[in-house]
Amino acid sequence: MGNLQIKDPPIFTEQVHQIEEEEYLTAELENEIKGALLNNEVFLKVLAETIQKTVEAHIKNGNLHVTEQDKNIWSSKATVDHLHDERYYTKAEISENISNPNLLINPDFRNPINQRGQTGYHIAGYAIDRWYKGDGSVYIKDGYLELYRTGHVNSLSQFVELDAAEQILTFSVCTTENKIYNNTQYIKNIDKTYDYTEIEKYKMRMSYDSNRKLLKTEIYCDGNDDSAILGLKWAKLELGSSPTHFTPPDLTEELLKCQRYYYSLDFSIYSEIQQYGFRLPVKMRGNPTTDFNSSNKNIVIYSTNDTSVVLASMSSGAWIFNTNGYEYLRLDAEIY
């Protein structure tokens, strides 16, 4: 169907008939309007009221020329941006059939990336990859993550690098009872902590740091219950005000995303004075810190556009062996 180039809205009064003092449109005129709606923005606002009035008149007079599906689609096209013949979805259809990209890394708590290797985290710091734990405890359970408050404000958060503020974002979580909670905010380019949404005894919220251009998504508990527990299956952050279906990420791709921020490696030790070279699977977000360095140990990282090479060396002294005869190498480029 070609685009209609019409500068001024036409007058359809000659094709409109009167039945019991109510207006309805002929099939020919309906097709013309439908084509205009699909191809010319000029008519969107002008014809919205006409379509609604026409449909009501058809129903009242028992002479219905448009189906319920057409009515819903036409109504949607008259009130939102249109892309010619593409399908328009309701919010319910969006949630069931469409999945926006998830801006969070390691969002599936049923099978999370856990390079640090612990089953429980009790000290403030990063726990499972990309998730920072405040006070309280976090446990990795069979198929979910458990937040346990132990007398303090308990929190689990992720920092998201967000260069473009001034947009609507929706933060969602799913509990072990399969209840989904959403928090939608218009994020402005200012320092602000936005309104929270309650999740049982916990809460969820977003805050923005305009200087660092960081969005913080946070699940926390600050109530009176010092032993409040919350089980979580997944989390999602997406653009727009309509939350969409959660799609589990590919674990291989998710691990590479996590390794931009944190990399863990165990390597064998054969003598006191050695050098070890490692090519990292992905270039890290920034220059990492490591607890490997000491007065006689050194880490050097050579970076290219798409990868990094690590050189670990020791000039004197003895290596610190762990129980398996391996040295731990931990590279940390997380956001704090």
Side-chain angles (χ1 to χ4, degrees), residues 91-92 94-96 98-114 120-121 124 126-150 152-162 167-187 192-208 214-223 225 227-251 254 257-258 261 335:
K91 285 189 175 182
I94 288 174
S95 179
E96 291 295 327
I98 296 177
S99 181
N100 284 334
N102 195 340
L103 303 181
L104 296 176
I105 298 175
N106 199 23
D108 193 349
F109 303 141
R110 296 166 298 185
N111 187 23
I113 304 296
N114 184 28
Y121 296 88
Y126 274 92
I128 62 171
D129 283 53
R130 296 297 300 117
W131 289 94
Y132 185 90
K133 186 202 73 63
D135 294 327
S137 297
V138 173
Y139 296 95
I140 300 175
K141 298 291 186 176
D142 185 13
Y144 67 97
L145 203 67
E146 182 180 86
L147 278 61
Y148 186 81
R149 183 182 177 189
T150 54
H152 303 283
V153 176
N154 190 12
S155 66
L156 185 70
S157 57
Q158 183 170 143
F159 297 96
V160 179
E161 295 169 297
L162 189 69
Q167 56 188 323
I168 298 175
L169 290 166
T170 296
F171 178 34
S172 305
V173 298
C174 178
T175 67
T176 50
E177 290 79 22
N178 291 320
K179 294 182 179 179
I180 299 176
Y181 298 84
N182 306 305
N183 183 277
T184 299
Q185 302 292 341
Y186 178 69
I187 305 301
K192 183 175 181 178
T193 298
Y194 293 87
D195 294 338
Y196 64 82
T197 298
E198 292 186 351
I199 318 171
E200 300 172 9
K201 295 180 180 180
Y202 280 69
K203 299 173 183 176
M204 60 187 296
R205 67 185 176 188
M206 292 182 280
S207 57
Y208 188 67
L214 290 178
L215 180 75
K216 180 181 180 182
T217 58
E218 183 179 19
I219 305 159
Y220 67 102
C221 182
D222 60 358
D225 189 345
S227 58
I229 296 175
L230 179 65
L232 295 173
K233 287 188 172 183
W234 53 259
K236 184 170 185 177
L237 177 68
E238 61 190 302
L239 295 173
S241 60
S242 297
T244 60
H245 182 69
F246 175 80
T247 301
D250 179 270
L251 288 179
E254 211 66 13
K257 292 179 183 178
C258 292
Y261 297 85
I335 300 173

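Not a single salt bridge (charged side-chain N to carboxylate O under 4.0 Å, His left out) links K141 to another residue, sequence neighbours left out. Residues passing the side chain to side chain donor-acceptor pair (under 3.5 Å) test with T184, sequence neighbours excluded: T170. Under the salt bridge (charged side-chain N to carboxylate O under 4.0 Å, His left out) criterion, K233 pairs with no residue at all, not counting sequence neighbours. Taking the side-chain contact (heavy atoms from CB on, under 4.5 Å) definition, one finds that D222 meets it with V153, K203, Y220, sequence neighbours left out. Considering only residues two or more places apart in sequence or on other chains, A235 meets the side-chain contact (heavy atoms from CB on, under 4.5 Å) condition with L104, F109, W131, F171, V173. Remark: T175 engages E177, K179, Y181, I199, E200, L230, L232 in a side-chain contact (heavy atoms from CB on, under 4.5 Å) (not counting sequence neighbours). The side chain to side chain donor-acceptor pair (under 3.5 Å) check on E238 picks up N100, T244, with sequence neighbours excluded. With sequence neighbours excluded, no residue forms a side chain to side chain donor-acceptor pair (under 3.5 Å) with S207. Among residues two or more places apart in sequence or in another chain, the side chain to side chain donor-acceptor pair (under 3.5 Å) test is passed with T193 by none. Considering only residues two or more places apart in sequence or on other chains, K192 meets the salt bridge (charged side-chain N to carboxylate O under 4.0 Å, His left out) condition with none of them. A search for side-chain contact (heavy atoms from CB on, under 4.5 Å) contacts involving I335 returns Y126, R130, F159, E161, R212, L214, Y261, R285, not counting sequence neighbours.
Taken from SG in C258 to CD1 in I113, the straight-line distance is 5.5 Å, to the nearest 0.5 Å. One finds the CE atom of M206 at 10.0 Å from the CG atom of D195 (value rounded to the nearest 0.5 Å). One distance of note links CZ of R110 with OH of Y144; it measures 14.5 Å at 0.5 Å rounding. Of the inter-residue distances, the one linking L239 atom CG with L169 atom CG reads 5.5 Å to the nearest 0.5 angstrom. With rounding to the nearest 0.5 Å, the separation of NZ in K236 from OG in S99 is 3.5 Å. With rounding to the nearest 0.5 angstrom, the CG atom of L215 is 9.0 Å from the CG atom of L103.
The shortest distance between side-chain heavy atoms of K257 and N106 does not fall below 4.5 Å. Counting heavy atoms from C-beta outward, Y202 and C221 have side chains that approach closer than 4.5 Å.
The two residues S241 and I168 have their closest heavy-atom pair at N-CG2, 3.8 Å. The minimum heavy-atom distance linking Y139 with G120 is given by the pair CD2-CA, 4.1 Å.
In this structure, the side chain of K133 does not engage the main chain of I128 through any donor-acceptor pair within 3.5 Å. Proximity of a side-chain donor or acceptor of S137 to a complementary backbone N or O of Y148 within less than 3.5 Å is not detected.
Each of T197, N182, T217 was checked for a side-chain hydrogen bond (donor to acceptor under 3.5 Å, both in side chains) with S172, and the lone residue meeting it is N182. With E254 as reference, I105 is the one residue of D129, N111, I105, D108 to meet the side chain to side chain contact (heavy atoms under 4.5 Å, CB included) rule.
For Y196, the OH atom sits in a loose shell: 12 or fewer heavy atoms of surrounding residues, nucleotides or ligands are nearer than 6.0 Å.
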